[in-house]
Visitor: 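Got a structure here, written out as structure tokens. Questions coming.
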Amino acid sequence: MSATSKSPVTKGPSGPLDRFFHISERGSTLGTEIRGGLATFFAMAYIIVLNPLILGNAADVNGDQLGIPQLVAVTALVAAISSILMGFVSRYPFALAAGMGLNAVVAYTIAPMMTWADVFLLLILEGIILTILVLTGFRTAVFAAIPGGLKIAIGVGVGLFLTMIGMVNAGFVGGGGGTIVSLGDNGLTTLPLLIFVIGLLVTIGLYVRKVRGAMLLGIIVSTVLAIAAQTLAGERVLAWQLAGAEKLGPIPALPTSVGDIVALPDFSLIGLFAEGGLSGRWADVGIATVVMLLFTLMLADFFDTMGTMVGVAHQAGLTDENGNLPKTREVLAVDSFGTIFGGLTSSSIATVYAESAAGVAEGARTGIAPIVTGLMMVVATFFAPLVTIVPFEAATPVLVIVGFMMMVPVGKIDFMDPAVGLASFFAIVIMPFTYSIANGIGMAFIVFTFVRLVEGKGRQVHPLMWIISVVFLIHFAEHPIYMLIG
């Protein structure tokens, strides 16, 4: 069965749960959904570690920093609430958590310009605006205006983006000397890279043999191997440091005390946005700068979500013949609420996660999967030390396989059509090369509309495509604009 085709329907609805989530209708089972939800959780659990490291090591304009233990708690909490809400409202297998890339913008671009309280108030405002755009139908209209070929290309680009994330997080690829990118920091000579390669081969073997739970089993096997290798290494832990383990995540090890397994969550960061009252905020930054920052956040959030939704939905076979997803409005509404939740809890912007594709690869097709993922995130607020036992090199092979699966539909793109072909090419290459889904979509839109204009077919382009292309042009010219406004 192809990665994009629907699973065969084997029987009709058998109960209220089945009817509500369309389990049988989409060719799934309760066991498959639970397994898919677990696979998604383990594929995206790294965010519980990474988001606190990114935000916690950044300082605001006053030099203040957020506590990492508190960030772990709120990161897991927002992922839990958002994912469970997505499961019930949209009934699709999309999980949410703090967005990679978006959290870097928050930490390194916005925080140095204002206090943390002002940062998170800005996120809440962005979420409110996005919610209004959803309720007015604007976000859904933009989604429908994208040509079918570009929707496929966006999904392929997201797949390659996931592959790049997996390889980089595992340390399999990194910055090169004579080349831009090289295999590992020291070649394939360190324990984490060896675990990654073995885990990748094991996962490939399980996938090819169509073993049920292949992705989840691959993660478990890789984690056991990582712990065993580290235990056997003993004093020779230097191999892990040489691999950059200190920058990639925790060194895997068996827990030795209760504190290594469970800890009470600290939610003291919730409500930080209200610190100092709500009047007279952003006065030192200036309204023009605030507007530009909002514009940057909204653009990245808007199209990161759209690209992820298209890619994962297409892989799951949930889109129609035009590449559209029924009930798009519900998905986008929950995603917008996720941004508001992120601001309220001081955990950055929560958005639909491309790692949801790991659950889809396990057969997940309904909202039960993100509910399971969300419940695991609830557990993770108490078991954050235990969650971090799964190292990146054990979880990331799944992302590489998912990237392959999401690339399968590339043959359906009409590359003989210059507008569709060139736009698709830029969407596919820009996402992984710039580490940004939004950048890839922006370039694709601009190229598509430009080529159609050159062909004398500008009237065939949907008006919203023209509008969004202009918006992206402004976005890509942000730095000169910032310089002009001082």
Side-chain angles (χ1 to χ4, degrees), residues 37-58 66-86 94-108 123 158 161-162 164-170 215 219 223 247-250 265 267 269 300-301 304-305 308 312 335 338-339 341-343 345-359 369-370 372-399 402 435-437:
L38 291 173
T40 296
F41 169 75
F42 283 110
M44 64 188 286
Y46 68 85
I47 196 61
I48 302 174
V49 178
L50 272 189
N51 191 56
L53 289 178
I54 291 172
L55 292 184
N57 287 310
L66 303 171
I68 289 181
Q70 293 90 338
L71 283 168
V72 170
V74 294
T75 297
L77 177 66
V78 170
I81 294 174
S82 302
S83 296
I84 292 172
L85 187 62
M86 178 66 78
F94 304 140
L96 291 84
M100 285 297 297
L102 291 169
N103 51 12
V105 172
V106 170
Y108 306 125
L123 300 192
V158 171
F161 177 60
L162 277 177
M164 182 66 80
I165 289 176
M167 291 185 171
V168 170
N169 283 354
M215 305 297 173
I219 294 172
T223 300
K247 68 181 179 182
L248 293 173
F267 297 125
L269 288 178
D301 195 1
D304 270 16
T305 297
T308 302
V312 176
D335 178 81
T339 299
F341 294 155
T345 59
S346 313
S347 66
S348 188
I349 296 170
T351 186
V352 174
Y353 247 53
E355 284 81 354
S356 301
V372 171
T373 302
L375 292 175
M376 289 296 293
M377 286 291 181
V378 173
V379 174
T381 63
F382 294 92
F383 291 88
L386 189 60
V387 171
T388 60
I389 287 177
V390 179
F392 293 155
E393 63 269 17
T396 49
V398 170
L399 301 184
V402 168
Y435 237 57
S436 170
I437 294 173

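For the numbers below, each heavy atom of this structure counts, side chains included, while hydrogens, waters and symmetry mates do not.
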Visitor: Given 3.5 Å as the limit, does a donor-acceptor pair link the side chain of T373 with the main chain of G37, or not?
Guide: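 Judged by distance alone, yes, a pair lies under 3.5 Å.
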Visitor: Check the pair M377 / V78 against side chain to side chain contact (heavy atoms under 4.5 Å, CB included), numbers first and verdict last.
Guide: CA-CA 9 Å; M377 286 291 181; V78 170; over 6 Å; no
Visitor: What distance do N51 atom CG and N103 atom CG have between them, rounded to the nearest 0.5 Å?
Guide: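 Here the interatomic distance stands at 5.0 Å.
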Visitor: How close do A358 and T40 get, counting heavy atoms only, and between which atoms?
Guide: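 Looks like C-OG1, 4.3 Å.
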Visitor: Checking T75 side chain against V72 main chain: does a donor-acceptor pair fall under 3.5 Å?
Guide: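 Looks like no, no N/O pair under 3.5 Å.
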Visitor: Write down the atom of V312, the atom of Y353, and the distance for their closest heavy-atom approach.
Guide: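 Taking V312 first and Y353 second, the nearest heavy atoms are CG2-O, 4.5 Å.
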Visitor: Looking only at heavy atoms, what is the nearest atom pair of G56 and L71, with distance?
Guide: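 Residues G56 and L71, closest heavy atoms: N-CD1, 3.4 Å.
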Visitor: Run the side chain to side chain contact (heavy atoms under 4.5 Å, CB included) check on L55 and S348 step by step: do they pass?
Guide: CA-CA 8 Å; L55 292 184; S348 188; 3.9 Å; yes
Visitor: Going from CE on M86 to CD1 on I81, what distance comes out if it is rounded to the nearest 0.5 angstrom?
Guide: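 Those atoms lie 14.0 Å apart.
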Visitor: Give a yes or no answer on whether the side chain of S83 reaches the backbone of G374 with a donor-acceptor pair at less than 3.5 Å.
Guide: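 No: the side chain of S83 does not pair with the backbone of G374.
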Visitor: Please check if the side chain of D335 supplies one atom and the backbone of V352 the other of a donor-acceptor pair under 3.5 Å.
Guide: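 Yes; at least one donor-acceptor contact below 3.5 Å.
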Visitor: Quick check for you: to the nearest 0.5 Å, what is the distance between D301 atom CG and I349 atom CD1?
Guide: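 Answer for the CG-CD1 pair, D301 versus I349, is 5.0 Å.
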Visitor: I would like to know whether L85 and F341 meet side chain to side chain contact (heavy atoms under 4.5 Å, CB included); could you show each step before the answer?
Guide: CA-CA 12 Å; L85 187 62; F341 294 155; 4.1 Å; yes
Visitor: Check S82 against A350 and note the closest heavy-atom contact, atom names and distance.
Guide: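 Distance-wise, the nearest heavy atoms are OG-CB, 4.0 Å.
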Visitor: Which distance, rounded to the nearest 0.5 Å, do you find between the OG of S347 and the CD1 of I48?
Guide: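 Rounded to the nearest 0.5 Å, the OG-CD1 separation comes out at 12.0 Å.
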Visitor: Taking L269's backbone N and O only, do any of them form a donor-acceptor pair with S346's side chain (distance below 3.5 Å, no angle check)?
Guide: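 Between the backbone of L269 and the side chain of S346 there is a qualifying donor-acceptor contact (under 3.5 Å).
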Visitor: Can you tell me how far CG of L399 sits from CE of M164, rounded to the nearest 0.5 angstrom?
Guide: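 M164 CE to L399 CG: 13.0 Å, rounded to 0.5 Å.
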Visitor: Apply side chain to side chain contact (heavy atoms under 4.5 Å, CB included) to E355 and V398, showing your working.
Guide: CA-CA 9 Å; E355 284 81 354; V398 170; over 6 Å; no
Visitor: Between A43 and I219, which heavy-atom pair has the shortest distance, and what is it?
Guide: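 Looking at all heavy atoms of both residues, the shortest contact is N-CD1, 4.3 Å.
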Visitor: What's the spacing between I47 CD1 and L96 CG if we round to 0.5 Å?
Guide: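 Those atoms lie 12.0 Å apart.
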Visitor: Hey, does V372 have a side-chain heavy atom less than 4.5 Å from the side chain of F41?
Guide: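 Not in contact.
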Visitor: Within a strict 4.5 Å, meaning less than it, do heavy atoms of the T308 and T351 side chains meet?
Guide: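 The answer is no, as the side chains (C-beta and beyond) never meet within the 4.5 Å cut-off.
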